[in-house]
Amino acid sequence: QVQLVESGGGLVQAGGSLRLSCATSGLTFNRYGLGWFRQAPGKEREFVAALSPSRSRTSYADSVKGRFTISRDDAKNTGYLQMNSLKPEDTAVYYCAARITFPSTWIGRDQSSYDYWGQGTQVTVSS
């Protein structure tokens, strides 16, 4: 059974940093693509970042490029989203998602591509 559990959200001032974690179970390392999405109040859920199964490819939304970094630690079965230079518009519930897939270079920017989701963690950035 696949499970994803996010943690690391919280309240931070603009310009600050947070690292979100996505603890996984039931997944084989290098056999799943990882994605982060977010949903702000009154808005649709949107793509933030994605990592290929091989960890060789990444993709970012233009709004976070250069500020956020997606990664995965296979020894810990955990994915991460390092968020720097946070802005008030980054305030949202952040979700991690996974898809068991080949090829190892697969990247998913569309949330419908993912099969498994975490429960979300709240990130609030104050101005």
Side-chain angles (χ1 to χ4, degrees):
Q1 183 180 1
V2 175
Q3 287 189 319
L4 306 176
V5 180
E6 301 97 334
S7 61
L11 175 64
V12 63
Q13 288 188 332
S17 298
L18 282 174
R19 188 177 76 161
L20 304 184
S21 298
C22 175
T24 72
S25 60
L27 293 170
T28 302
F29 76 96
N30 85 354
R31 296 293 179 90
Y32 68 94
L34 180 69
W36 285 94
F37 295 80
R38 67 186 182 186
Q39 187 168 20
K43 295 187 177 181
E44 294 186 351
R45 190 160 56 185
E46 64 177 4
F47 169 75
V48 175
L51 180 69
S52 66
S54 63
R55 300 186 296 176
S56 61
R57 295 182 65 204
T58 58
S59 181
Y60 296 93
D62 288 343
S63 59
V64 306
K65 200 171 295 183
R67 300 188 298 122
F68 290 12
T69 303
I70 187 172
S71 63
R72 194 182 76 220
D73 186 334
D74 293 328
K76 297 182 178 180
N77 295 319
T78 301
Y80 301 99
L81 184 68
Q82 177 67 44
M83 306 186 296
N84 299 328
S85 302
L86 283 162
K87 305 175 181 179
E89 50 264 44
D90 294 319
T91 295
V93 177
Y94 283 71
Y95 300 89
C96 66
R99 170 178 169 150
I100 300 172
T101 189
F102 296 96
S104 62
T105 55
W106 180 85
I107 279 283
R109 296 174 61 95
D110 186 345
Q111 57 185 306
S112 66
S113 300
Y114 291 87
D115 301 314
Y116 305 99
W117 291 83
Q119 82 289 349
T121 186
Q122 176 71 46
V123 171
T124 303
V125 184
S126 62
S127 57

Main-chain N/O of Gly8 paired to Ser21 side chain as donor or acceptor, under 3.5 Å: no
Looking just at side-chain N and O atoms, do Arg57 and Thr105 make a donor-acceptor pair shorter than 3.5 Å? no
For Ala50 versus Tyr114, what's the shortest heavy-atom pair and its separation? CB-OH, 3.8 Å
Would you say the side-chain atoms of Ser104 pair up with the backbone N or O of Ser54, donor to acceptor, closer than 3.5 Å? no
Give the C-alpha distance, both sets of side-chain angles, the deciding distance and a yes or no for side chain to side chain contact (heavy atoms under 4.5 Å, CB included) between Gln39 and Glu46. CA-CA 6 Å; Gln39 187 168 20; Glu46 64 177 4; over 6 Å; no
To the closest 0.5 Å, what do you measure between CD1 (Ile107) and OG (Ser56)? 7.5 Å
Between Gly33 and Pro53 the two heavy atoms that sit nearest each other are N-CG, 3.7 Å
Contacts of type side chain to side chain contact (heavy atoms under 4.5 Å, CB included), residue Ser113, not counting sequence neighbours: Arg99, Trp106, Asp110
Enter the distance from Ser59:OG to Lys65:NZ here, rounded to the nearest 0.5 Å. 7.0 Å
Between Tyr95 and Trp117, how do the two ring planes meet: parallel, tilted or perpendicular, split at 30° and 60°? perpendicular
By salt bridge (Lys or Arg N to Asp or Glu O under 4.0 Å), which residues pair with Arg67, not counting sequence neighbours? Asp90
Please round to the nearest 0.5 Å and tell me the distance separating atom CD of Glu44 and atom CZ of Arg38. 14.0 Å
With sequence neighbours excluded, residues passing side chain to side chain contact (heavy atoms under 4.5 Å, CB included) with Leu11: Thr124, Ser126
Student check: side-chain heavy atoms of Ser52 and Arg72 closer than 4.5 Å: no
Please check if any side-chain donor atom of Ser17 sits under 3.5 Å from a side-chain acceptor atom of Asn84, or the reverse. yes
Apply side chain to side chain contact (heavy atoms under 4.5 Å, CB included) to Arg19 and list each qualifying residue two or more places apart in sequence or on a separate chain. Tyr80, Gln82
Tell me, please, which residues at least two apart from Pro41 pass side chain to side chain contact (heavy atoms under 4.5 Å, CB included). none
Rounded at 0.5 Å granularity, tell me how far CZ in Phe47 sits from CZ in Arg109. 4.5 Å
Residues clustering with Tyr60 (ILVMFWY side chains joined when closer than 4.5 Å, directly or via others): Val2, Leu4, Val12, Leu18, Leu20, Leu27, Tyr32, Leu34, Trp36, Val48, Leu51, Val64, Phe68, Ile70, Leu81, Met83, Leu86, Tyr94, Ile100, Tyr116, Val123, Val125
Donor-acceptor contact below 3.5 Å, side chain Glu6 vs main chain Gln119: yes
Nearest 0.5 angstrom please: Ser127 OG to Gln13 CD, how far? 9.5 Å
